[in-house]
There are 4 protein chains.
Amino acid sequence: MTQEPATGRWSRRKQTRPSEIIEAALDLFVERGFAATKIEDIAKRAGVTRGTPYLYFASKEELFKAVIREGLLPRIEVGEALVRDFNGPATALLEEVVRFSWQAIAKTKLAGIAKLVMAEAGNFPDVAKYYHDEVVHRGQNLVMYTLEYGVKRGEFRPMDIDYTMRVVIAPIMMAMIWQHSLGVCINESIDDDRFLDSYLSLLKCGLCQRID
Amino acid sequence: MTQEPATGRWSRRKQTRPSEIIEAALDLFVERGFAATKIEDIAKRAGVTRGTPYLYFASKEELFKAVIREGLLPRIEVGEALVRDFNGPATALLEEVVRFSWQAIAKTKLAGIAKLVMAEAGNFPDVAKYYHDEVVHRGQNLVMYTLEYGVKRGEFRPMDIDYTMRVVIAPIMMAMIWQHSLGVCINESIDDDRFLDSYLSLLKCGLCQRID
Amino acid sequence: MTQEPATGRWSRRKQTRPSEIIEAALDLFVERGFAATKIEDIAKRAGVTRGTPYLYFASKEELFKAVIREGLLPRIEVGEALVRDFNGPATALLEEVVRFSWQAIAKTKLAGIAKLVMAEAGNFPDVAKYYHDEVVHRGQNLVMYTLEYGVKRGEFRPMDIDYTMRVVIAPIMMAMIWQHSLGVCINESIDDDRFLDSYLSLLKCGLCQRID
Amino acid sequence: MTQEPATGRWSRRKQTRPSEIIEAALDLFVERGFAATKIEDIAKRAGVTRGTPYLYFASKEELFKAVIREGLLPRIEVGEALVRDFNGPATALLEEVVRFSWQAIAKTKLAGIAKLVMAEAGNFPDVAKYYHDEVVHRGQNLVMYTLEYGVKRGEFRPMDIDYTMRVVIAPIMMAMIWQHSLGVCINESIDDDRFLDSYLSLLKCGLCQRID
DNA sequence: TATGAATGAGGCTTCATTCAT
DNA sequence: GATGAATGAAGCCTCATTCAT
């Protein structure tokens, strides 16, 4: 069924099995939600059978965690590097951070994970804690750093960093959620440019030092 | 818990039963999610037995709809009236709308419904459609009206209303979602005043007509 | 809902309630079968509510028995009288018996009872016994009498009365069953004249004294 | 009862399981009727647990269809072959058809299926259609062919084939039904020879060309 | 390493029956 | 007599998980 690489039809590719399963799980979790996704469907999409996922993941919940780990962490790390190495106007950094989140996360399947966790983490405290520490916290720091950077440079007005960060992050999060919940049913998609323009305009005006 | 007008099983409460069941369902759906909530638990919390909910609601899904109908629609209507009757500066209207959404929805259990629908409506297209038409659409109109009002009065800069509306709504939505998913697990709550202040500051600066 | 006779809207007609319920039960049992018919539907069709049938019948099963009793017994009695009083050629008696069964039973709702008992009596030994003794046995006697009558008169050939009776009865029974089971789904109805003609031709030729 | 090729739960019998389940279902459906038979009981009798039947049959109704398919269709096919290959007097063919139906169907558990369908197909239109097309229709054709064959050869008198077929079939059908409904309760069984003799005598006399 | 038949707890829903009013 | 809200046992079906092969 699945395409085997050139090493011959029966090379079992032990190393790649787990990630194929994670990939399949990501797709299906995002499409249907955690509870509504059957292990068997994941197995099928990964080209294996019912029992195989259990060779690599102790339970459906562990598989859920692995999906988060493999999917989001690498992107977060790229984002962190991007901020760390930046030099220039805060407005530019802000725009870079926003566009990165948009391109590298919000427009990909990974956005579905965010929605997924919001949706179902409540029933899996383990997962929630893990996600919070490894994803949310680091993502928030990224934005807070940007805001502080702008304030320090005198580009942004003084502000309550913690909470402004939440307000700043929200539209991106919501865009991710919309694309993977109601949006799908109602068949309404988002125009990237119009969204980013409206968003960035509001941010730039809203954060900047007023001269009046 | 609930007041019994008579004793025990035969207390004849056709009028109050449905809302008791809806109330119980709201609590549990919000606590655990739709799929993870058992009808029997709803029944128990409402002080009845397994069969009783089915006297009033044809299925779990219909009960879900009723929860939305009874919970959110009245608030939406109040919001609509509030906007309809308003006269004065757009900034004040905006603030009123925001504070109303916050107090009357975001800080109550109803916020959980929003989260709930985001999370699970994907698997229940019926519910999704209903929620979109009756809640999302009307809520969005409310905000769009406010923005247009400000633009017409020259208080707000010209803008892409459709998309700015999304950006404006997002922080409230996220606050609602936050409180009912990760927030719960991480045990981190939001300081109302700091959140609203940061949010309104950003909005007011971000939307207003720049004089420069 | 139901038409009340002229004695005033609230004359409760105690005497007629049970037969109205039986009538409704007959209709529905015949339409849908015993197990598939809900007491509530019977009540509704009889113009009363869920609890009322239990005032007159201890259980659904007892109601079943009552339906048989009230529906079939009177017709059987008419048939018995018809045979008892007959004088004339056996062929004519046979035809009379056949046409009576056809008109007074097979073409009416009562045919449904026969089908009903065949179908479900197995699960209700009580009912089965009752039906056998009161309906089957007496019906069979009626036919056996007719055959004996013909043999005695030298019109019919000597025969194994017990078993020929079964063969003779079968087509009528089957016609009743067809009309109330597959026939309904497949939407195939029986042409009375063609059926009776074919049936009677076979019987007359098949039973008569051969001269060869 | 059943031969276990290996021991216990893990005996891997994908090939034999379905027929074991069908067999068990046939027994119980015939004994108790379709609606009154619980899947769990079928499972138990087949030596498996609740979930197993669903590995092979999508629903109780599909299992019912399978019972028909596996049970009756092969016999029908044998009957068709029998008629197709026949050469000789029509009376002999008729007798062969009758005796075959008797031995291969009416005297076996399969007779119960016929009764079952009559009894309950009304509530399962799918099954009814399937049964009608695959069993009733083909069975009827078999008999109609026989009658036409006799008429063509001048052995049988001219007749209304469609309806005479119904009359001819009825006694066999009734015998099948009888054995699986009232007969069981009343504990009255049929003497094969006496029944077939009476039946065939009636048919032969009733259908033949009279010389008078 | 991989399979996939089998398990069995658990959820949704139905409906005959009860009984306070 | 009549009502109809409430009960609760019971049935169908799903699916995460196990484990002999």
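Only a predicted model underlies this, so the values are computations on that prediction, with no experimental measurement involved. Numbered from 1 within each chain, the chains take letters A, B, ... in sequence-line order.
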Colleague: Rounded to whole Å, how long is the line connecting atom OH of B:Tyr54 with atom C1' of E:dC12?
Modeller: 5 Å
Colleague: Under the side chain to side chain contact (heavy atoms under 4.5 Å, CB included) test, which residues partner A:Ala114, sequence neighbours left out?
Modeller: A:Tyr131, A:Met173, A:Met176
Colleague: Taking a pair as Watson-Crick (N1 to N3 plus N6-O4 or O6-N4) or G-U wobble (N1-O2 and O6-N3), both under 3.5 Å, which stems of 3 or more consecutive pairs involve DNA chain F?
Modeller: E:2-21 with F:2-21
Colleague: Go through E:dT13, E:dT3, E:dT7 for me and flag the one nearest to the A:Thr49 side chain.
Modeller: E:dT3
Colleague: Look at the side chain of D:Arg50 against the base of E:dA9 and say whether a donor-acceptor pair falls under 3.5 Å; ignore hydrogens and angles.
Modeller: yes
Colleague: With nearest nucleotides of DNA chain F determined for A:Gly51 and C:Val48 from heavy-atom distances, which residue corresponds to the more 5′ nucleotide?
Modeller: C:Val48
Colleague: Roughly how many Å is it from OH in D:Tyr56 to P in F:dC13, rounded to a whole number?
Modeller: 18 Å
Colleague: Listed by chain and number, what are the side-chain hydrogen bond (donor to acceptor under 3.5 Å, both in side chains) partners of B:Glu61, not counting sequence neighbours?
Modeller: none
Colleague: How is D:Ile39 classified with respect to the nucleic acid when contacts are heavy atoms under 4.0 Å: base, sugar-phosphate, or nothing?
Modeller: sugar-phosphate
Colleague: For DNA chain E, what residues of residues 58-71 of chain B have any heavy atom nearer than 4.0 Å?
Modeller: B:Ser59, B:Lys60
Colleague: For DNA chain F, whose closest nucleotide is more 5', that of A:Thr37 or that of C:Leu55?
Modeller: C:Leu55
Colleague: Check residues 31-40 of chain C and write down every donor-acceptor pair under 3.5 Å in which the side-chain atom is one partner and the other belongs to a residue at least two apart or another chain.
Modeller:
unit_1  : atom_1 : unit_2  : atom_2 : d
C:Arg32 : NH1    : C:Asp41 : OD2    : 2.9
C:Thr37 : OG1    : C:Leu28 : O      : 3.2
C:Thr37 : OG1    : C:Gly33 : O      : 2.6
C:Glu40 : OE1    : C:Arg50 : NH1    : 3.4
C:Glu40 : OE1    : C:Arg50 : NH2    : 3.1
C:Glu40 : OE2    : C:Arg50 : NH1    : 3.3

Colleague: Of all residues at least two apart in sequence or in a different chain, which pass the side-chain hydrogen bond (donor to acceptor under 3.5 Å, both in side chains) check with D:Glu70?
Modeller: none
